[in-house]
Amino acid sequence: DPAGLLNGIGKLALICLPLGSLALAAGTLVVFPKVLAETSFANGVLLLTVATATHGLLMILCESLRGMHRGGAASVYDAQWGVCSNGLFILLLFAAKSLSSEVTLHLALQLYATSMLLVLPVAIVSVVRTLRSCRMASPSGDTANSGQLTAENTARSLLPLALPMSFLAIVEFGCANMDVWAGGLILSEESLGLFSAA
């Protein structure tokens, strides 16, 4: 039952997304202090935490849509490869470059987080509509029983799957961003901002 499954995922996400995003943001700035050198540590942690948590929430929503056989919608709202957030990010980046002479990593991250935050409500509405259509398509008795069982057992059944997948996601995140972190050690702020945006 999609509603019961999303209920269990939502409970885990309420704990994991804020704590994981905060830990990842603080760890990044401690290990690579030059990455956001143009801003304070607190502002850097806040920006990275918001960006990471929003990215994670969008990914959960997109994977939920894929689980309900709505792969097309998931591809549109995907935080990493989706048309909406990336299209908005590129438009905001062009606007910022035309209004300002330099694009730093801090500005690029702000624009990326903004683009994801603008797409987030649309993705939530899409998931809610898909849930409603799934409920209408399935028999009411089966949905009620399945939802009750899933809501009770989802967290317990998801945790053994979520832990190794979370570890792999962290490794993938590190591999995907290592070039930006390395660039933070050797590039100027503007060069790093343009490189990370590219």
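The shown structure was predicted, so the numbers you read here are calculated from the model rather than taken from an experiment. Values below: every heavy atom of this structure, side chains too, minus hydrogens, waters and symmetry copies.
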- Message: Tell me whether L22 shares a hydrophobic cluster with V30, the cluster being built from Ile, Leu, Val, Met, Phe, Trp, Tyr side chains joined at under 4.5 Å.
- Response: yes
- Determine which pairs satisfy salt bridge (Lys or Arg N to Asp or Glu O under 4.0 Å) with at least one residue from residues 12-29, sequence neighbours left out, and list them in order. none
- Message: Given L61, which partner from the list T130, V119, L120 fulfils the side-chain contact (heavy atoms from CB on, under 4.5 Å) test?
- Response: L120
- Message: When you group the ILVMFWY residues by side-chain heavy-atom contacts below 4.5 Å and let the links chain together, are L14 and M59 in the same group?
- Response: no
- salt bridge (Lys or Arg N to Asp or Glu O under 4.0 Å) partners of residues 44-53, not counting sequence neighbours, each pair once: none
- Co-members of the apolar cluster containing L19 [side chain, <4.5 Å]: I15
- When T104, L109, L105 are each screened for side-chain contact (heavy atoms from CB on, under 4.5 Å) with L107, the one that passes is T104
- Linking directly or through intermediates, with side-chain heavy atoms under 4.5 Å: list the remaining ILVMFWY members grouped with F94, chain and number order. I90
- Message: Listing request: all salt bridge (Lys or Arg N to Asp or Glu O under 4.0 Å) pairs with a residue in residues 76-86, at least two apart in sequence or in separate chains.
- Response: R66-D78
- Message: Tell me which pairs pass ring-ring contact (aromatic ring centres under 6.0 Å, His included) where either residue lies in residues 104-133, with sequence neighbours left out.
- Response: F89-Y112
- Message: Checking L92 now: which residues fulfil side-chain contact (heavy atoms from CB on, under 4.5 Å) with it, not counting sequence neighbours?
- Response: L111, T114, S115
Side-chain donor/acceptor pairs under 3.5 Å, residues 44-55, sequence neighbours excluded:
from	atom 1	to	atom 2	distance (Å)
T49	OG1	V45	O	2.6
T52	OG1	L48	O	2.6
T54	OG1	V50	O	2.6

- All side-chain contact (heavy atoms from CB on, under 4.5 Å) counterparts of I60, not counting sequence neighbours: I9, A13, L17, S64
- With side chains defined as the heavy atoms from C-beta onward, is the minimum distance between S126 and L65 less than 4.5 Å? yes
- Y77 meets the ring pair (Phe, Tyr, Trp, His ring centres under 6.0 Å) criterion, sequence neighbours left out, with none
- Message: Test of understanding: with side-chain contact (heavy atoms from CB on, under 4.5 Å), list the residues that count as partners of V171, not counting sequence neighbours.
- Response: F167, C175
- Quick one: CD on Q110 to CG on L117, what's the gap to the nearest 0.5 Å? 11.5 Å
- Same hydrophobic cluster for V83 and V122, using side-chain heavy-atom links shorter than 4.5 Å among ILVMFWY? no
- Task: Find out whether L93 and K97 are in side-chain contact, i.e. whether some heavy atom of one side chain is under 4.5 Å from a heavy atom of the other.
- Result: no
- For S40, enumerate each residue passing the side-chain contact (heavy atoms from CB on, under 4.5 Å) test, keeping only those at least two apart in sequence or located in another chain. A42, N43
